[in-house]
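Both ligands and their constituent atoms are indexed starting at 1 by order of listing.
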Amino acid sequence: MYIAPSILSANFGKFIDEVNRIEKAGADWVHIDVMDGHFVPNLTFGAGVVEALRPNTKMTLDCHLMVSNPEAHVETFANAGADYFTVHYEATSHLHGLIQTIHKHGMKAGVAINPATPVSAIAPILKDVDMILVMTVNPGFGGQSFIESTVEKMAELSTFRAENDANFLIEVDGGINAETAKICAEKGVDAFVAGSYIFNKDDVKQPIDALKMAIK
Ligand code: DX5
Ligand code: ZN
């Protein structure tokens with residue numbers, strides 16, 4: 001089980017301090033939300049942030065690319081030191097090839113699906129990926145509410161994984177708190193992204209501990 005705080009909700013002026021703070025508090029991964037103002041309306045940051053964080057933390061750098069044309073960024077993120085490079089199913093027409101390119105660049109490949117995208121859409125690539133990210137909100141902004149109808153997709157992925165000897169991780173992202181994390185953990189989810197739930201507190205250890213307790 002992995003707790004992955006999203007720095008989208010951190011103080012943008014102090015990324016390194018914020019990352020040190022969550023690492024000390026027991027986080028496993030840093031979730032980096034890359035938005036291009038095109039695939040999603042919001043605009044955030046790119047590989048430069050990954051490069052700045054890499055020498056400052058031992059945590060896994062979990063990059064979530066909410067961008068059109070993710071193909072264009074594989075090499076820069078690999079060079080910057082990204083561990084996971086997760087692309088949206090909805091953002092590419094060449095998913096299978098893109099997964100191969102991500103692997104060729106030495107990164108783990110993740111595929112994200114929006115709330116309206118069914119698991120059946122990604123069935124052909126489930127044995128080729130390292131992680132499936134089930135979006136539990138519509139991507140673009142932090143602080144939204146968890147969409148309940150996404151839960152059955154987690155169960156479907158867990159069943160597929162068990163029956164087909166596949167070994168991708170299942171990650172959830174959006175509206176995650178102790179209560180919603182517990183619901184997801186019961187469906188076999190492995191990695192939990194949380195932004196506002198963690199960074200809105202002065203003491204980030206308290207929400208991280210609460211999440212760990214909830215998913216145990
Ligand atoms: C949403 C992003 C999320 C976001 C989650 O588009 O992908 O990672 O930071 O924020 P919370 O946990 O506040 O819903
Ligand atoms: Zn995200």
Side-chain angles (χ1 to χ4, degrees), residues 2-12 15 18-19 21-22 25 27-47 49-50 53 59-68 70 73 77 82-91 107-117 129-151 153-154 169-185 189-202 204 206-208 210-212 214-215:
Y2 306 100
I3 305 293
S6 164
I7 55 164
L8 181 63
S9 296
N11 181 335
F12 276 32
F15 277 140
E18 293 283 74
V19 165
R21 201 153 76 96
I22 54 170
D28 304 289
W29 295 0
V30 189
H31 186 79
I32 301 172
D33 283 310
V34 180
M35 305 188 188
D36 67 349
H38 185 262
F39 178 69
V40 288
N42 203 2
L43 193 61
T44 56
F45 32 74
V49 166
V50 177
L53 293 181
M59 289 187 287
T60 291
L61 301 181
D62 177 30
C63 302
H64 177 194
L65 282 282
M66 285 162 277
V67 304
S68 305
H73 306 286
F77 274 75
D83 294 298
Y84 278 90
F85 189 86
T86 295
V87 300
H88 269 263
Y89 160 80
E90 301 84 4
M107 295 183 289
K108 292 198 164 140
V111 171
I113 51 172
N114 280 338
T117 302
V129 279
D130 303 291
M131 184 159 75
I132 298 297
L133 169 49
V134 177
M135 287 305 299
T136 42
V137 298
N138 286 296
F141 302 93
Q144 305 179 75
S145 303
F146 183 83
I147 299 171
E148 294 278 350
S149 60
T150 59
V151 173
K153 295 197 275 183
M154 301 165 204
L169 297 178
I170 305 172
E171 182 176 55
V172 286
D173 182 7
I176 298 299
N177 54 40
E179 197 184 317
T180 53
K182 185 168 191 292
I183 296 169
C184 301
V189 169
D190 310 282
F192 301 80
V193 177
S196 50
Y197 180 68
I198 291 176
F199 285 105
N200 284 359
K201 313 278 191 312
D202 291 331
V204 293
Q206 184 257 316
I208 289 174
L211 284 173
K212 286 185 177 173
I215 64 180

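Of all N/O/S atoms in His31, NE2 sits nearest the Zn ion (ligand 2). Closest N/O/S atom of Asp33 to the Zn ion (ligand 2): OD1.
Side-chain N/O atoms of Thr44 and Asp33 include no donor and acceptor closer than 3.5 Å. Side-chain contact annotation: Thr180 with Asn177, donor-acceptor N/O pair under 3.5 Å present.
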- Query: Passes side-chain contact (heavy atoms from CB on, under 4.5 Å), Glu18 versus Phe199? Steps please.
  - Reply: CA-CA 9 Å; Glu18 293 283 74; Phe199 285 105; 3.7 Å; yes

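Considering the Zn ion (ligand 2) as centre, the angle to OD2 of Asp173 and to ND1 of His64 is 90° (10° rounding).
By the 6.0 Å contact criterion, OH on Tyr89 is open, its count of non-hydrogen atoms from other residues, nucleotides or ligands being 12 or less. Counting non-hydrogen atoms of other residues, nucleotides and ligands closer than 6.0 Å to NZ of Lys212 gives a total above 12.
Between Met131 and Thr86 there is a side-chain heavy-atom pair separated by less than 4.5 Å.
For ligand 1, the protein residues within 4.0 angstrom (heavy atoms only) are Ser6, Leu8, His31, Asp33, Met35, His64, Met66, Met135, Pro139, Gly140, Phe141, Gly142, Gly143, Asp173, Gly174, Gly175, Val193, Ala194, Gly195, Ser196.
Just one of Ile32, Asp173, Leu8 meets the side-chain contact (heavy atoms from CB on, under 4.5 Å) condition when paired with His64; it is Asp173.
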